[in-house]
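Remember, it's 1-based here, ligands and their atoms both numbered in the order they're listed.
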Amino acid sequence: MKNIKDSKSTEIKIPIFGEGEMSNLIRSFNWSSTSLGPITEWANELLITVNTMLQSPIPMVLLWGEEGILLYNDAYAIFAGARHPFLLGQKVLEGWPEVSEFNQNVLRNGFLGQTLSFKDQQLTLYRNNIAEEVWLDLNYSPVLNKYGKPSGILAIVVETTQQVLAQRRQKVAEENLKNEQQMLYSLFLNAPAAIAILNGSDLVYKFANESYKSLVGGSKREFLNRPLTEVFPEIEENIHTILKNVAFKGERFIASELPITLDWNNTGNPFTKYLNFVYEPVYENGKPNGVISFAFDISNTVISKKQAEDSEAKLRAILEATPHCIKIVEPDGTLQYMNASGLKLLEGMSEVLGIENVFNLIAPEDIAEWKKNHDFVCKGNKLSWRFDMKGYEGQQHKMETHAVPLWDGEKFLHVAVTRDITDQHQFEETLKQSEAKMRDLANAMPQLVWAANPDGTVDYYNNNVLDFEGIVLIDGQYHWTPVLHEEDLEKTVNAWNEAMKNGNTYEIEHRVKIKNKGFRWFLSRAVPAKDENGNLIKWYGTATDIDDIKKFEEQLKIAQEDTNLLMAKKDEFIGIASHELKTPLTTIKASLQIVQGLLKEQNYELTQQLISKTESNVDKLTGLINDLLNVSKIQSGHLQLNYTTFFAKDLVESCLDQISFQTKNHQIEIKGNSNKVIMGDKYRLEQVLCNLITNAIKYSTQGKQVILETKNDDTHFEVSVTDFGIGIPSHKLPFIFDKFFRVEKNSMNYQGLGLGLHIAKEIVERHGGTISAKSEEGKGSCFSFKVPLTATN
Ligand code: ADP
């Protein structure tokens, strides 16, 4: 009104109405500085639109001209915040630079005659110089001129920021609620507690989590939407009553370790489980109409507890029944527990009454050691020891204690089993003394003395073990196999194993290595010691040096064999001798009988012949007896040699003379003409040569030739006699000079006692000479001897 009046009085027409802030500002604004020009020149459509806008309580803004010059009403001025009043008359893109892109689009479309509508359009504005998220409902309509063309764009701007934010908050709250519900559901579903919800008059299952299902029979039972009595027809009446009281009277029920007997696994075998549970009433419309059950299966805990109680009771019974003292001692020596046997033991032996501290019980000389051991146990260690305890009238008791540490949650206690071992100790002392005596005794013995356990391990040797090379002590056990001769090892081990297996006496002779002496024969012998039940408890053994005896035995054996051989030879000899001696005697006897007859008939010529035959047989007998005498002299060392000097030639000739009567069928060829002077026993050397020639003739009935060869050098004279007779098998040749030896095959066909060569050898060797034989069976033999020219007796 004022404006109209003013316009009348000034006659300037300013057709902007209203008294609001914006009306005034628009009126007073210098529009000439803008593309709109002075108000007085504004087009009708601009004026009408501006006035309409100024009348509206809804925030409105007008973007005029292609630059979008801004004009707005009071409500918009509030919306614009600190941008107001700067915005008035500004180009829209400059007035709202932060949303210029958005406004360009508005201008473009508006001037194309189009309307634009945005619901809850989010924009970031700097209304109060800070970035602000705003949500707006925006409606843009073109303002047309009289030609129907858009001159500007009118926008209705309704800020919905509060609503949008409220909606968002609500949505978040709803989602939170939903999440919470889901969380709660999943908590219930997966809770370790067995949870079930039952409601309605029949107590129908509305919820049962996994724990509940597995507690009451897993997948075998169906719960959801089934009444309790249908799911558990066997339910105990008292439990059913409790549930009904909770569900319909609202009486909360809490139970712990409640035994419930049900067919839990739905297998037809009801059994008892122990449960801790809470039945809470569920309210509907303020009235109790159901139960939520939280249950925990604590059967294992209850059973373990019961077992622990049982075993504790058993343990106590054992502790009280044991005849030994069992005690628990605190680190400071305070007696925490002592069983009945312990107390009784003390009653019988100790002057100390009403013991509180065990230190008081220990004999003064042992107290320091005892406390040290006790501290060691109270540091968590096991230990056994012996000590003396004070007794009546100064008497002491020897005790043995086995202590272990026991952790009570804060410290180690000393738990011990203690025994009175006074008697045992005395017995042990006596045993020790007698053991010492036994050891002294064992060490005094010349043999190796040892002891072994039933498993064969040797645990004792007397001091003589030091003489044995190879016995080693490892970890308290002796290893004796290295001492044995390797050839005796197997049989010894077998014999020892055999004895251990059967519990029989062990006895074996074997070679054992002795320091600095090498292997010697020993007789090892062991006897098992057995307890009263016949169980083997120990082996006691000795090893005795039998090397000398063994060697003597061997010599004895050889001597025995020699004797046997000699006896055989003797028998053989007696056979031969009796045969040899009998033949000439028979002939002599026969000859003498004939001589007697002939003497009667006086046939002297034949008598002469027979007497000479008898003479020859007597000579034979004399020769045989001489041989025997010679052997006996040799044997007794009485064969005398009478040394003279003589020519070698005389020796040979004298010999040929002596045997001339034997050589009828043989030709003796003499080779060599050695004629050295020899100093020796001529008679005995003749005996040797005669024997060789006699043998050559005797053992060569086929070959008629015998070669006698003499040789000499400056020191020696040598004779050899070669024949071409039966010869001697090579394996018999080495024995040819042995006493009574005769080549078997020949013995019965040829006379002789097997002494000639033996005597010859003895004679030659007594002269310091040698005798030898070479022969080939079936071809002949060559015997030769060699003596020094100057023989020494
Ligand atoms: P014997 O009186 O038995 O001949 P000897 O001691 O002279 O005793 O001879 C021992 C044995 O040696 C004889 O029994 C004979 O078997 C064998 N022997 C000795 N000389 C000869 C030889 N020249 N040819 C073959 N065998 C012989």
How does Asn695 reach ligand 1, if at all, at less than 4.0 Å between non-hydrogen atoms: by side chain, backbone, both, or neither? both
Which of the atoms of ligand 1 are close to Ile728, meaning less than 4.0 Å from one of its heavy atoms? 25 (C), 26 (N), 27 (C)
Considering distance alone, does some N or O of Val743 sit under 3.5 Å from an N or O of ligand 1? yes
Side-chain ion pair, Lys515 and Glu469, N-O less than 4.0 Å: no
Looking at every non-hydrogen atom in both residues, tell me the closest pair between Ile634 and His758 and how far apart they are. CG2-NE2, 4.5 Å
Donor-acceptor contact below 3.5 Å, side chain Asp723 vs main chain Gly780: no
When you compare ligand 1 with His758, is there at least one nitrogen or oxygen pair between them that comes in under 3.5 angstrom? no
When rounded to the nearest 0.5 angstrom, what distance separates SG in Cys655 from NZ in Lys682? 9.5 Å
Can you list the atoms of ligand 1 that are under 4.0 Å from a heavy atom of Ile736? 12 (O), 17 (C)
Below 4.0 Å from any atom of ligand 1, is there a heavy atom belonging to Tyr750? no
Please list, in number order, the atoms of ligand 1 under 4.0 Å from a heavy atom of Phe741. 10 (C), 11 (C)
Ligand-side contact atoms (ligand 1) for residue partner Asn691, heavy atom cut-off under 4.0 Å: 7 (O)
By number and element, which atoms of ligand 1 are closer than 4.0 Å to a non-hydrogen atom of Lys698? 1 (P), 2 (O), 4 (O)
Rounded to the nearest 0.5 angstrom, the NZ-NZ distance for Lys739 and Lys761 is 12.0 Å
Atom pair NZ (Lys649) and CG (Asn673), whose distance is rounded to the nearest 0.5 Å: 7.0 Å
Give the atoms of ligand 1, by number and element, whose distance to some non-hydrogen atom of Gly752 is under 4.0 Å. 1 (P), 2 (O), 3 (O)
Which of His425, His397, Lys398 passes side chain to side chain donor-acceptor pair (under 3.5 Å) with Asp420? It is His397
So, taking the atom named CD1 in Ile611 and the one named CD1 in Ile588, what distance separates them when rounded to the nearest 0.5 Å? 12.5 Å
Report, in ascending order of atom number, the atoms of ligand 1 lying under 4.0 Å from any heavy atom of Leu753. 2 (O), 3 (O)
Pick one of side chain, backbone, both or neither for how Leu755 approaches ligand 1, counting any non-hydrogen atom pair under 4.0 Å. backbone
Please confirm whether Ser781 comes under 4.0 Å of ligand 1, counting heavy atoms of the residue only. yes
Do Met399 and Arg419 make a side-chain contact, defined as non-hydrogen atoms from C-beta onward lying under 4.5 Å apart? no
Which of the numbered atoms in ligand 1 are under 4.0 angstrom from any heavy atom belonging to Phe783? 20 (N), 21 (C), 22 (C), 23 (N)
